[in-house]
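What follows is one structure encoded as structure tokens, with my remarks underneath.
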Amino acid sequence: MSKKSKEKALTSQQEDFSAWYNEIVLRAELADHSPVRGCMVIRPYGYRLWELMRDELDRRFRETGHQNAYFPLLIPQSFLSREAQHIEGFAKEAAIVTHTRLRATDDGGLEPDPASKLEEPLIIRPTSETVIYEMFSKWVQSYRDLPILMNQWANVVRWEMRTRLFLRTAEFLWQEGHTAHATEAEAEEETRRMLGVYRSFMEEWMAMPVVTGPKSESEKFPGALRTYTTEALMRDDKALQAGTSHNLGQNFSRQFELTFQSEEGSEEYAWNTSWGVSTRLVGGLVMTHGDDRGLVLPPRLAPIQVVFVPIGRTDEQREMVLGRIRELTDRLSAGIRIHVDDRDNLTPGAKFYEWEMKGVPVRIEIGPKDLEKGQLVLVERVPAEEAERKEFLDQQEAIAGLEDRLERIQARLLEQARVRREESTTRGGVASVAELGRIVEERGGFVYTGWCGSDECEARVKEETRATLRVLPDEEFRSADAPTRCLCGEASETEVVWAKAY
RNA sequence: CGGGGCGUAGCGCAGCCCGGUUAGCGCGCCUGCUUUGGGAGCAGGAGGUCCCCGGUUCGAAUCCGGGCGCCCCGACCA
């Protein structure tokens, strides 16, 4: 019995992925557009998602010895200009504070008071390397003060031309880790360690598989020696840079006189790293798992893991059903995030659609018939097999098994995402730029090829195919028999991954 | 910053080309009754600076000029 939907249906992913994404973010109440162009309001449901990500990442940062701190939003303009590449990277998208007062205009409006003009403009941080290393230089004297392992949760502003909710907004929330070390080897180890933290978080919590490895010279962070990335593949077969970890070398310590006296007594520049993930991860989560019904959330990050929908014709029935639900949920471990949808102005069907759209992993229906039989109806957001969509289960057993079920769902989502990525990955036999272009155009996904290592070659491929060099994959991701030739015909130096990217 | 599209009720839209009563529809919202295992039904009701400013006209959502905003597609970026 196909029911005509009164709600406008979601645009399907196949019809227009971009429209699908925008609609789902708004309709699932993750975020909304702000009055200021390019900025977003993160709504409670979306913010809870971010908080759950944040809490787990924060736990992992502490576990690896890092401490949280907070550095100011405003940065002296002169700081940014100290590191040449760094300024080049951020100058084009800066928000600048020039005045400290407003005054009334004749026509009843407001304008910056010229008398309050700052001698030196302040930049709203696009990232905090400069202030942080300035401060580190005050705090560090000897090798005994190292390493410094610090992190901050903050907002940053980058005045983007073109924005999209979560994926690229003018202001976003993130974490930026900043460390200082006595040796290059230690800094490199730290850079790698945090890349690993990101990777395992993304896989274990977001159920989002990633390919890790260094970026090419042209794609690295401005001011870094080396940038490592975690690259994920979205359901529209475009790549998303989900997190980055940078070995900054001594670039910043030289500019900010971040020096220390070594064990041997010599004065040395410290070695720095920085690493970050942002609210962009929420966008990545949406585009990794979402389908034409809406969001699909992995249980570990779902604000609501299990939603109960009571069903009853009469007030009396509803009371009894709700009573039963209370009995059952009292017995649940406090670790499970549940919600009982007892609204009486919606039919059960309407609730089903709503919670599916919001990506809740498990729905449990209980009605009068179930009370008699001691059973309940359980539906997973993404069932293992379509055939068993509605499961009729013993109440006690179902409740007792919820925790395990959520873990199984978590694992399955990662597995499914992995399968999708592999199906969208092309390895071997891509021998020309034209062929790469064709694959990227027609099929999308990750394309592995050989690379001679030259910037010019990379730029040419980018120009001709619209694909970018996403990552020089770490060994475990490389092909069994790596290509021996670059697309240009020269000998391949390393295997690389190309894709159209967000 | 270039190209395209759109601004009318909370949301989605019609009306505009061809100016003419109190500006309309669906969803949502409020009240009541009946309902509830896949988007409930009926009845009643609330809700609008038609993006802004100016012009043309007896009369502007509609025509003209200027502005603003948003979305999409490109160049740059987490």
Side-chain angles (χ1 to χ4, degrees), chain A residues 1-11 16-19 21-23 26-27 32-39 88-94 126-127 156-176 198 215 218-222 227 229-232 239-246 274-284 293 309-315 317-318 321 341-357 363-371 375-379 389-390 392 462-463 466 468 501-502:
Chain A
M1 44 174 186
S2 71
K3 194 141 285 174
K4 282 172 292 193
S5 166
K6 298 274 174 88
E7 281 289 319
K8 193 190 158 219
L10 264 182
T11 301
D16 185 344
F17 193 86
S18 191
Y21 177 83
N22 291 334
E23 284 172 29
L26 294 172
R27 284 166 67 163
D32 205 346
H33 295 282
S34 89
V36 177
R37 179 194 158 77
C39 293
E88 204 176 310
F90 291 107
K92 288 170 287 187
E93 47 187 38
T127 178
V156 288
V157 168
R158 297 179 189 176
W159 215 261
E160 298 289 346
M161 299 293 188
R162 212 180 134 200
T163 58
R164 299 194 64 193
L165 294 174
F166 290 112
L167 296 174
R168 177 167 301 109
T169 46
E171 178 189 6
F172 56 92
L173 305 184
W174 78 344
Q175 95 6 254
E176 46 181 325
Y198 287 155
K215 284 281 193 187
S218 77
E219 296 278 342
K220 74 175 191 193
F221 176 72
T227 290
T229 182
T230 53
E231 295 287 322
L240 183 80
Q241 177 175 308
T244 47
S245 184
H246 316 289
S274 72
W275 27 275
V277 296
S278 70
T279 36
R280 170 178 255 203
L281 289 182
V282 176
R293 289 167 176 264
V309 178
I311 291 152
R313 195 170 291 110
T314 64
D315 283 350
Q317 281 178 334
R318 278 201 297 275
V321 167
D341 187 353
D342 59 0
R343 290 175 294 180
D344 59 5
N345 59 331
L346 291 179
T347 60
K351 294 177 183 177
F352 300 165
Y353 280 99
E354 181 174 331
W355 294 117
E356 279 167 10
M357 208 241 320
R363 177 179 82 236
I364 291 178
E365 308 164 23
I366 301 185
K369 285 184 251 169
D370 301 312
L371 288 186
Q375 70 169 27
L376 53 72
V377 175
L378 186 149
V379 182
R389 239 182 90 64
K390 287 210 174 193
F392 297 82
K462 192 172 164 182
E463 176 69 28
R466 315 204 51 74
T468 52
Y502 273 95

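Below, each value reflects all heavy atoms present in this structure, side chains not excepted, and no hydrogens, waters or symmetry copies. The structure presented is a predicted model; accordingly, all values stated were derived computationally and were not measured. A, B, ... follow the sequence lines: proteins, then strands. Residue 1 opens every chain.
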Using whole Å, what does the distance between atom [atom2] of nucleotide [N] and atom [atom1] of [X] come to?
X	N	atom1	atom2	value
A:Glu171	B:A78	CD	P	18 Å
A:Arg27	B:G12	CZ	P	10 Å
A:Tyr353	B:G38	OH	P	9 Å
A:Asp370	B:G37	CG	P	13 Å
A:Glu23	B:G12	CD	P	10 Å
A:Leu240	B:A78	CG	P	11 Å
A:Gln175	B:A78	CD	P	15 Å
A:Asn345	B:G41	CG	P	14 Å

Would you indicate what [X] reaches in the nucleic acid, counting non-hydrogen atoms under 4.0 angstrom: base, sugar-phosphate, or nothing?
X	answer
A:Phe221	nothing
A:Thr229	nothing
A:Ser278	base

Exercise. Check side chain to side chain donor-acceptor pair (under 3.5 Å) between A:Gln175 and all other residues, then give those that pass, not counting sequence neighbours.
Key: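 With neighbours one apart ignored, the set is A:Asn151, A:Tyr198.
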
Partner of [N] by Watson-Crick or G-U wobble geometry, both contacts under 3.5 Å, or none?
N	answer
B:C25	B:G12
B:U31	B:A43
B:G54	B:C64
B:C1	B:G74
B:G69	B:C6

Quiz item: What residues, two or more places apart in sequence or in another chain, satisfy side-chain contact (heavy atoms from CB on, under 4.5 Å) together with A:Ala232?
Solution: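 Partners of A:Ala232 under the side-chain contact (heavy atoms from CB on, under 4.5 Å) test: A:Met208, A:Val210, A:Met234.
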
Practice problem: Under the side-chain contact (heavy atoms from CB on, under 4.5 Å) rule, collect the residues that match up with A:Ala350, sequence neighbours excluded. | Solution: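 In terms of side-chain contact (heavy atoms from CB on, under 4.5 Å), with neighbours along the sequence ignored, A:Ala350 is linked to A:Leu346, A:Thr347.
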
Practice problem: Using the closest heavy atom to pick a nucleotide of RNA chain B for each, name whichever of A:Glu356 or A:Asp344 lands nearer the 5' end. | Solution: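 It is A:Asp344 whose nearest nucleotide is closer to the 5' end.
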
Quiz item: Between A:Trp174 and A:Glu354, which is nearer to the 5' end of RNA chain B once each is assigned its nearest nucleotide?
Solution: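 In this pair, the answer is A:Glu354.
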
Quiz item: Which value, in whole Å, describes the distance between the C1' atoms of nucleotides B:C6 and B:A14?
Solution: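 Here B:C6 and B:A14 have their C1' atoms 15 Å from each other.
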
Check nucleotides 67-72 of chain B against the protein and report each pair of N or O atoms closer than 3.5 Å, with its distance, or say if there are none.
| unit_1 | atom_1 | unit_2 | atom_2 | d |
| --- | --- | --- | --- | --- |
| B:C70 | OP1 | A:Arg37 | N | 3.2 |
| B:C71 | OP1 | A:His33 | ND1 | 3.1 |
| B:C72 | OP1 | A:Asn22 | ND2 | 2.9 |

Nearest of [options] to any side-chain atom of [X]?
X	options	answer
A:Glu160	B:G37, B:C76, B:G38	B:C76
A:Val379	B:A78, B:G38, B:G37	B:G38
A:Arg158	B:G38, B:G37, B:A78	B:A78

Quiz prompt | Flag, side chain of A:Thr229 to backbone of A:Gln241, donor-acceptor distance under 3.5 Å | solution =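 No, the answer is negative, given that no donor and acceptor are paired below the 3.5 Å cut-off.
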
Quiz item: Does A:Lys215 offer a backbone N or O that forms a donor-acceptor pair with the side chain of A:Glu219 under 3.5 Å?
Solution: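 Side chain of A:Glu219 to backbone of A:Lys215, a donor-acceptor pair under 3.5 Å: no, none is there.
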
Practice problem: Applying salt bridge (charged side-chain N to carboxylate O under 4.0 Å, His left out), name anything that partners A:Asp370, two or more places apart in sequence or on another chain. | Solution: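 For A:Asp370, no residue satisfies salt bridge (charged side-chain N to carboxylate O under 4.0 Å, His left out) once neighbours in sequence are set aside.
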
Quiz item: Looking at B:G38, does its base get a donor-acceptor pair with the side chain of A:Arg389 below 3.5 Å?
Solution: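 Check passes, donor-acceptor contact within cut-off.
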
Practice problem: Answer yes or no: side-chain N or O of A:Arg313 and base N or O of B:G37 forming a donor-acceptor pair under 3.5 Å. | Solution: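 Per atom types, no contact qualifies.
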
Quiz prompt | Test salt bridge (Lys or Arg N to Asp or Glu O under 4.0 Å) applied to A:Glu356 and A:Arg389, step by step | solution = CA-CA 13 Å; A:Glu356 279 167 10; A:Arg389 239 182 90 64; 3.4 Å; yes

Quiz item: With sequence neighbours excluded, what pairs up with A:Phe17 under the ring-ring contact (aromatic ring centres under 6.0 Å, His included) test?
Solution: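 Per chain and number, A:Phe17 pairs via ring-ring contact (aromatic ring centres under 6.0 Å, His included) with A:Trp20.
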
Exercise. May I ask you to establish whether A:Arg363 and A:Phe352 are in a cation-pi arrangement, using a distance under 6.0 Å from NZ or CZ to the six-membered ring centre and at most 45° from the ring axis?
Key: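 Flagged: A:Arg363 positioned over aromatic ring of A:Phe352.
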
